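Here is the structure we will look at.
Below, chains carry the letters A, B, ... as their sequence lines are ordered, and counting in each starts from 1. It should be emphasised that the depicted structure is a prediction, and the values quoted were computed from it without experimental measurement.
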There are 2 protein chains.
Amino acid sequence: MNNPCSQHQHPHRLVQQPLTELTAKLRQHSRKITGPRQAILDVLRRHQNPMANREIHAALGQECDLATVYRNLHTLEDMGLVRRFDFGDGTARFELVPEGDDGHHHHLICTRCSRIVEIDECFPVEVEQALARRHGFTEITHKLEFFGVCAQCQAKSAPAVP
Amino acid sequence: MNNPCSQHQHPHRLVQQPLTELTAKLRQHSRKITGPRQAILDVLRRHQNPMANREIHAALGQECDLATVYRNLHTLEDMGLVRRFDFGDGTARFELVPEGDDGHHHHLICTRCSRIVEIDECFPVEVEQALARRHGFTEITHKLEFFGVCAQCQAKSAPAVP
DNA sequence: GCGACGTTTGCAACCTGTTTGCAAACGACT
DNA sequence: AGTCGTTTGCAAACAGGTTGCAAACGTCGC
């Protein structure tokens, strides 16, 4: 692969810091540490908000194929290094799972400009479990996202008061 | 259009019961009462659970084109006669909005067999509004769906105890 | 009833996000 | 260095959904 890391960056990247948890998890699944893999994680590390496959691919430059991005996000998701979000626009988005964190959280998304805010509020566990019990379900989880119009967008559309 | 209603069913369908609210709303939007339109609403009326475009089209037989189903579900959604749901599998599903009802509710979906249960629990309004205020958002809404394994599917996968 | 006019339909082509088959390239281990 | 399973790029395939267009239809005024 045409991995720019070995050309433009520290040549010993393979034995650098991210190795700690990454290699461990990769080994666990008999997966390999590859250029694209690291590059994708780097991109996610540098971004605050969930990113789409296309965005990650773009941020990577021509470093690897879009199909590779898709495939890697699947494997990283399976390994629990990355979390998938679905904002209902038909595009999956991914976030890095912070080390040793269950990291469960939700988002508030502006329906005008797509600004994304991370939210700590969550659906009450007791209610969720009662609900599961009542319907005989187990292994219960939920998806929860909030939508609205952010302050900026409200300002933009507010009529000028003379 | 090849509308089987006029062949196989009551020929006076156009002046039947659903007209009440339907015609009113359609007129409001200067929309017409067409065969496919009614047929789609009939199908939804007969089904308890949210249906995908494809399913509705299939239930309709060759009564109308799939593109027509898509277009009509959009218009019906715009008019508030139908509500769209997104269970994260990349397929939109639709439910009839009960007459004169805000009908806001959520679902519990079995991740094995896709069984769907309608749920009344909802995210606490006060918390939602506090959240909106804190982040300067207005017009706040949410999407919330629960996933789990239903009783039947648990039974199937449970090891037989001798 | 009948015609005019805007709406809706079927059809086929298209778009976008995502997946897949395959041969070549690569990473880890001996 | 050699081996073997994993990963990659590429191009083609999918799937859900959308769209342009001409023909068919529903509504409304006469």
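- Under the side-chain hydrogen bond (donor to acceptor under 3.5 Å, both in side chains) criterion, A:S114 pairs with no residue, sequence neighbours left out.
- Counting only residues at least two apart or on different chains, the ring-ring contact (aromatic ring centres under 6.0 Å, His included) pairs with a member in residues 79-104 of chain A are A:F85-A:H105, A:F85-A:H107, A:F87-A:H107, A:H104-A:H106, A:H104-A:H142.
- With sequence neighbours excluded, the residues satisfying side-chain hydrogen bond (donor to acceptor under 3.5 Å, both in side chains) with B:R93 are B:D89.
- Note: CG (B:L66) to P (D:dG17) measures 9 Å, nearest angstrom.
- Here A:R84 pairs with A:H74, A:E77 under the side-chain hydrogen bond (donor to acceptor under 3.5 Å, both in side chains) rule; sequence neighbours left out.
- B:L26 has its CG atom 9 Å from the P atom of D:dT27, to the nearest Å.
- Residues from residues 70-95 of chain B lying near DNA chain C, meaning a heavy-atom separation below 4.0 Å, are B:R71, B:N72 in numerical order.
- We find that CZ of A:R27 is positioned 10 Å from C1' of C:dC29, with the value rounded to whole Å.
- B:D65 meets the side chain to side chain contact (heavy atoms under 4.5 Å, CB included) test with B:A67, B:T68; sequence neighbours excluded.
- Contacts of B:T138 classified as side-chain hydrogen bond (donor to acceptor under 3.5 Å, both in side chains), with partners at least two apart in sequence or in another chain: A:Q154.
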Could I get a table of every N or O pair under 3.5 Å where one atom is in the protein and the other is in nucleotides 1-3 of chain C?
none

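- Annotation: proximity of residues 46-58 of chain B to DNA chain D (heavy atom, distance under 4.0 Å) is found for B:N53, B:R54, numbered in ascending order.
- Between A:V69 and B:A67, the residue whose closest nucleotide on DNA chain D is further toward the 5' end is A:V69.
- Counting only heavy atoms from C-beta outward, the side chains of B:L44 and B:E95 never approach each other to under 4.5 Å.
- Considering only residues two or more places apart in sequence or on other chains, B:F147 meets the ring-ring contact (aromatic ring centres under 6.0 Å, His included) condition with none of them.
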Between protein and nucleic acid, restricted to nucleotides 1-5 of chain D and to nitrogen or oxygen atoms under 3.5 Å apart, what atom pairs and distances do you find?
from  : atom 1 : to    : atom 2 : distance (Å)
D:dG5 : N2     : A:K32 : NZ     : 2.3
D:dG5 : N3     : A:K32 : NZ     : 3.1

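- A search for salt bridge (charged side-chain N to carboxylate O under 4.0 Å, His left out) contacts involving A:R27 returns nothing, not counting sequence neighbours.
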